[in-house]
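What follows is a single structure, written as structure tokens, with notes after it.
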Amino acid sequence: MKTDTKAEVILMKCPETKRIYGVRVEERQGDWFRTWAFPIEERKASHEGFDKTKIRGNLYPADEYNGCPYCKSVCYVQCSRCGKLSCWNSEERISCAWCGLTGDVSRIEDEIDVRGGDY
Ligand SMILES: [Zn+2]
Ligand SMILES: [Zn+2]
């Protein structure tokens, strides 16, 4: 049994509710999988250091991933300005829940580089 699974928690923000949530991610053979999303207070997330998490590589939803706790979306975008992750559940309108940037946010297809930082 392999028990050295590497797991981290990253933060995403839901544009619908303007609330953040934690997403537990697991590294499996060099790729990251989102396995569980849960609502969290910004202060607690900061206290736990979740806003400092850095991961790099592909980020896939695992089969068991439950999606955003608020809007249920399993898709996300990474903002081209602040680099943070937001839910994405609409074809037309893409917006960053963190800094409010709209339009110029690229949908993630493959590699991401989560840097953490202030929010
Ligand atoms: Zn959402
Ligand atoms: Zn942004």
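First listed ligand is number 1; within each ligand, the first listed atom is number 1.
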Inset, instruction - Report, rounded to 10°, the angle at the Zn ion (ligand 1) between the two atoms SG (Cys14) and SG (Cys71). - result: 110°
Inset, instruction - Report the C-alpha separation of Cys96 and Cys82 in whole Å, then their side-chain angles, then the decisive distance to 0.1 Å, and conclude whether the side chain to side chain contact (heavy atoms under 4.5 Å, CB included) test is met. - result: CA-CA 9 Å; Cys96 174; Cys82 68; 3.6 Å; yes
Inset, instruction - To 10°, measure the SG(Cys99)-the Zn ion (ligand 2)-SG(Cys82) angle for me. - result: 120°
Inset, instruction - Would you confirm whether Thr35, through its side chain, and Tyr65, through its main-chain N or O, come within 3.5 Å as a donor-acceptor pair? - result: no
Legend entry - Angle subtended at the Zn ion (ligand 1) by Cys68 SG and Cys87 SG, rounded to 10 degrees: 100°
Inset, instruction - Would you give the angle at the Zn ion (ligand 2) between Cys79 atom SG and Cys96 atom SG, to the nearest 10°? - result: 110°
Inset, instruction - Give the ring-plane orientation class for Phe33 versus Tyr60, where under 30° counts as parallel, over 60° as perpendicular and anything between as tilted. - result: tilted
Inset, instruction - Please tell me if the side chains of Pro15 and Cys87 come closer than 4.5 Å, counting only heavy atoms from C-beta onward. - result: yes
